[in-house]
Each structure stands twice: as C-alpha cells, then as structure tokens.
Novice: 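Structure provided below as structure tokens; questions to follow.
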Amino acid sequence: MSEMRRKLVVGNWKMHGSLTENEALLGALKAGLASAHGFQGAVCVPFPYLAQAQALLTGSRISWGAQDVSERAKGAYTGEVCGAMLKDFGCHYVIVGHSERRTLHGEDNALVARKMRAAQAQGLLPIVCVGETLAQRSSGATEAVVCEQLDAVIAPAGVQSLAQAVVAYEPVWAIGTGKTATPDEAQSVHAVIRARIAVIDANVAAGLQILYGGSVKGSNAMALFKMPDIDGALVGGAALDATEFLAICQAAGASH
Ligand code: PGA
C-alpha cells in the first residue's frame with residue numbers, strides 16, 4: 001500500500017525568518033536538493049515571504065505554502081488572508097489546524113474543517129494537523145482525541161475531501177520540545193488514522209499522505225520514515241537549519 005504514496009517533507013517555519021535569512025536558507029535547500037529524488041519537499045513560510053519563496057523556488061523541486069488561511073473568501077476581515085491570495089503567490093500547500101493555532105488562537109474542530117474547505121475551494125492542498133496533549137495521552141485519550149479531530153473534518157465535506165488533503169499527526173507534547181514520539185508510538189496513531197478512513201473509503205485511506213510532526217530532525221527521521229503508515233514529516237525547528245532539513249529530505253528519499 002505504501003508504495004503508492006510518495007514521502008513528503010514540509011518545513012513549517014512558524015514566525016521565523018527575514019529576507020536575508022530566507023535567501024540563504026532557500027538557496028542552500030535548492031542547491032542541496034537539485035539532484036535529490038524520491039520524495040516531495042515544501043516550505044510553509046510566513047505570509048510576507050510568499051513572494052520571496054515564489055521568486056526563489058519557481059522552477060526548483062521545492063514547493064511552498066502558507067501556515068494558515070481564512071475560512072472566508074473575501075471581505076471585511078481585518079488581518080485575514082484568503083485562499084485566493086495564497087494562490088496568487090503560487091502556494092501549493094497550506095497548514096490548517098496547527099496546535100499553536102488551536103491553542104493560542106482558539107481554533108476549534110469546526111473552524112479547522114471550514115478552513116480546509118476554503119483552501120480546497122482555491123485548489124490548495126490543506127495539511128490538516130491533529131494531535132493530543134500530554135494530559136490526553138496520559139489519560140489514554142489519544143485515539144479518541146485524534147479521531148474526533150479527524151471526524152470533524154470528514155463530517156461536513158465527506159471522506160472524499162481527504163483525497164485532496166494531507167494529514168499531519170503532531171502530538172502536542174512533542175512539538176518544539178525535543179521529545180519525539182518513538183517510531184512505534186507514531187506508527188500506531190498513524191495506523192488508527194488510516195483505519196478510521198479506510199472504514200469509509202479504502203482508496204482514499206490508501207492514497208492519503210499522513211505526516212508525522214514533533215521534533216523531527218536528521219537523526220530520527222529515517223526510523224520514522226521506515227514505518228509503513230508514516231509518509232513524511234512536518235518539520236518546525238529543524239526546517240530553519242539547511243543541514244538538518246536536507247538530512248530529513250535525504251532520509252525521505254532513501255527510505256522506500
Ligand atoms: P518542531 O515543530 O519540529 O519544532 O517540533 C513541528 C511543528 O510544529 O509543526
């Protein structure tokens with residue numbers, strides 16, 4: 001089954017970068033990946049740097065995207081950025097429902113589902129993030145939490161909507177903490193996610209790329225990518241370091 005899915009490595013830059021730093025980082029990634037193959041690579045940059053990403057990455061094998069999108073198409077929504085604007089700058093992906101948006105900006109499952117559909121309406125591929133907190137894991141609620149987050153995006157739009165999406169499993173306790181889920185811990189949740197979808201539509205489940213996120217780096221990427229249901233990574237901190245990000249991409253290319 002996993003043969004039909006390519007590995008995907010996405011950098012989530014969060015609120016980091018500057019024109020000067022980005023130029024150096026993207027230049028290093030382009031050079032490092034020029035002859036790489038067997039995986040897809042992308043960076044999700046802050047909104048103001050989308051034009052720079054488009055200028056520097058067009059024609060390269062790295063695609064780009066944003067970290068959030070408005071649920072609305074346009075209008076009086078000060079500070080918001082809609083999917084059509086992201087499309088204008090050549091975005092391929094947009095992250096929706098990252099745990100930092102859920103926690104710090106009060107995004108709930110219903111809003112994440114609406115953002116996913118807003119992205120898809122513009123032909124963007126949403127990377128839908130799910131994951132449990134440490135308290136939820138400790139109380140044995142991991143599966144229930146992740147399935148509830150997943151069901152919330154499936155319910156309004158149908159499971160077919162996941163044919164045009166990527167899912168990222170990011171345990172909140174592993175994000176930015178240096179604590180990675182073990183390959184077995186991650187695999188077992190990825191398998192739950194795929195099985196939940198397979199009950200409704202086996203083809204969608206088999207084709208869905210499910211990324212792992214949470215303290216992925218060059219040294220732990222390969223063991224994660226060897227797992228049958230881990231189809232790549234959503235990378236935060238290590239995506240700001242060209243050597244680390246390239247090492248993760250190389251592991252993706254070598255892992256199948
Ligand atoms: P991290 O972040 O790699 O720094 O843990 C991952 C994420 O938040 O997407």
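All values below come from the heavy atoms of this structure, side chains included, with hydrogens, waters and symmetry mates left out. Both counts, for ligands and for their atoms, begin at 1 and track the order of listing.
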Novice: Got a sec, which hydrophobics cluster with Leu134, joining ILVMFWY side chains under 4.5 Å apart, including via others?
Specialist: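 Besides Leu134, the hydrophobic cluster comprises Trp173, listed by chain and residue number.
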Novice: Listed by chain and number, what are the salt bridge (charged side-chain N to carboxylate O under 4.0 Å, His left out) partners of Arg117, not counting sequence neighbours?
Specialist: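 Salt bridge (charged side-chain N to carboxylate O under 4.0 Å, His left out) list for Arg117, sorted by chain: empty.
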Novice: How would you list, by chain and number, every residue that makes a salt bridge (charged side-chain N to carboxylate O under 4.0 Å, His left out) with Lys217, sequence neighbours excluded?
Specialist: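 Partners of Lys217 by the salt bridge (charged side-chain N to carboxylate O under 4.0 Å, His left out) criterion come out as none, since no residue qualifies.
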Novice: Should Asp231 and Arg194 count as an ion pair when the cut-off is N to O under 4.0 Å?
Specialist: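 Salt bridge present between Asp231 and Arg194.
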Novice: Thinking salt bridges, do Asp108 and Arg102 make one under a 4.0 Å N-O criterion?
Specialist: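 Arg102 and Asp108: not salt-bridged.
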Novice: Put together the list of close N/O pairs, under 3.5 Å, between ligand 1 and the protein, could you?
Specialist:
from, atom 1, to, atom 2, distance (Å)
ligand 1, 2 (O), Lys14, NZ, 3.4
ligand 1, 3 (O), Ser215, N, 3.4
ligand 1, 3 (O), Gly236, N, 2.8
ligand 1, 4 (O), Gly237, N, 2.8
ligand 1, 5 (O), Gly176, N, 2.6
ligand 1, 5 (O), Ser215, N, 2.7
ligand 1, 8 (O), Lys14, NZ, 2.7
ligand 1, 8 (O), His98, NE2, 2.7
ligand 1, 9 (O), Asn12, ND2, 3.4
ligand 1, 9 (O), His98, NE2, 3.3
ligand 1, 9 (O), Glu170, OE1, 3.3
ligand 1, 9 (O), Glu170, OE2, 2.6

Novice: Going through the checks in order, is the side chain to side chain contact (heavy atoms under 4.5 Å, CB included) test met by Thr58 and Trp64?
Specialist: CA-CA 9 Å; Thr58 296; Trp64 60 94; 3.6 Å; yes
